[in-house]
Amino acid sequence: MATTLNFTSAPFTRVTQFTTADSTTTKDILPANATKDRRVYGITVYTDESVARDLYLYVSDGTTTWRLTTVNIPIGAGNTNAVVPVDIFASTQTTPFIKNRDASGAPYLHIPAAWSLRASYGAAMTAAKVGNIVIIGETY
């Protein structure tokens with residue numbers, strides 16, 4: 001293991017959409033990178049769903065997938081000015097995993113090379129509704 005960080009200045013943003021057809025399917029929201037570790041600085045969920053749903057967040061080493069947490073996504077999160085998008089990092093369900101801090105003090109979730117972040121909903125979404133998960137981070 002290296003003793004120093006080598007930043008590649010490769011920030012990324014990734015959006016994954018869930019629909020009625022695939023909402024309960026566990027899918028990559030941050031696919032594996034065979035050679036680079038990643039820092040995830042934020043995960044935000046937006047939806048036009050008319051029913052509150054549980055979102056499951058997983059980490060996978062390519063062989064085994066472990067559920068990290070379950071976060072409730074309220075009706076219409078981020079789809080109206082009355083309900084803000086869900087900041088997964090701010091959820092009390094997720095904070096036990098966000099212990100690392102970068103040099104400026106920003107919290108992050110470390111994802112090793114060849115690992116991925118995955119998600120699914122606990123129940124099928126309502127017909128014609130979507131949920132979007134936005135991830136921001138950096139590859140190093």
>> How close do Glu138 and Phe12 get, counting heavy atoms only, and between which atoms?
In response: N-CE2, 3.3 Å
> Are Ile73 and Val134 grouped together when hydrophobic residues (ILVMFWY) are joined by side-chain heavy atoms under 4.5 angstrom apart?
Replying inline: no
>> Is the terminal nitrogen or CZ of Arg39 (NZ for Lys, CZ for Arg) located under 6.0 angstrom from the six-membered ring centre of Tyr108 and within 45° of that ring's axis?
In response: yes
> Between Ile29 and Leu57, is any pair of side-chain heavy atoms under 4.5 Å apart?
Replying inline: yes
> Do Val15 and Tyr46 sit in the same hydrophobic cluster, where Ile, Leu, Val, Met, Phe, Trp and Tyr count as joined when their side-chain heavy atoms come under 4.5 Å apart?
Replying inline: yes
> Looking only at heavy atoms, what is the nearest atom pair of Ala124 and Thr20, with distance?
Replying inline: CB-O, 4.5 Å
> Under a 4.5 Å cut-off applied to non-hydrogen side-chain atoms, are Ile88 and Val45 in contact?
Replying inline: yes
> When you measure from the side chain of Asp48 to the backbone N and O of Val130, does any donor-acceptor pair fall under 3.5 Å?
Replying inline: yes
> Of the non-hydrogen atoms in Thr139 and Lys36, which two are nearest, and what is the gap between them?
Replying inline: CG2-CB, 3.2 Å
> Cluster question for you: counting only ILVMFWY and a side-chain heavy-atom cut-off of under 4.5 Å, with indirect links fine, are Tyr58 and Phe18 together?
Replying inline: no
> Should Ile75 and Val86 be regarded as members of a common hydrophobic cluster, given that ILVMFWY residues are connected when their side-chain heavy atoms come within less than 4.5 Å of each other, either directly or indirectly?
Replying inline: no
> Is the backbone N or O of Gln93 less than 3.5 Å from a side-chain atom of Thr69, with the two atoms forming a donor-acceptor pair by type?
Replying inline: yes
> Tyr41 and Gly137: which non-hydrogen atoms are nearest, and at how many Å?
Replying inline: CD1-CA, 3.8 Å
> Mind checking whether Asp54 and Tyr56 have side chains closer than 4.5 Å, heavy atoms only?
Replying inline: yes
>> Tell me the closest heavy-atom pair linking Arg118 and Thr26, and the distance in Å.
In response: NH2-O, 3.1 Å
> Does Ile133 share a hydrophobic cluster with Val59, counting links as ILVMFWY side-chain heavy atoms below 4.5 Å and allowing steps through other members?
Replying inline: yes
> Distance-only, no hydrogens or angles: does the Ser116 side chain make a donor-acceptor pair with backbone N or O of Asp28 under 3.5 Å?
Replying inline: no
> Tell me, do Lys129 and Thr47 make a side-chain contact under 4.5 Å, heavy atoms counted?
Replying inline: no
> So which heavy atom on Ser60 is nearest to which on Thr65, and how close?
Replying inline: OG-OG1, 3.3 Å
>> So does Trp115 get a backbone contact from the side chain of Arg38, meaning a donor-acceptor N/O pair under 3.5 Å?
In response: yes
>> Could you check whether any side-chain heavy atom of Leu30 comes within less than 4.5 Å of a side-chain heavy atom of Ile43, counting everything from C-beta outward?
In response: no
>> Counting C-beta onward and ignoring hydrogens, is there a side-chain heavy-atom pair between Lys27 and Asp22 closer than 4.5 Å?
In response: yes
> Any side-chain heavy atom of Ile136 within less than 4.5 Å of one from Pro11?
Replying inline: no
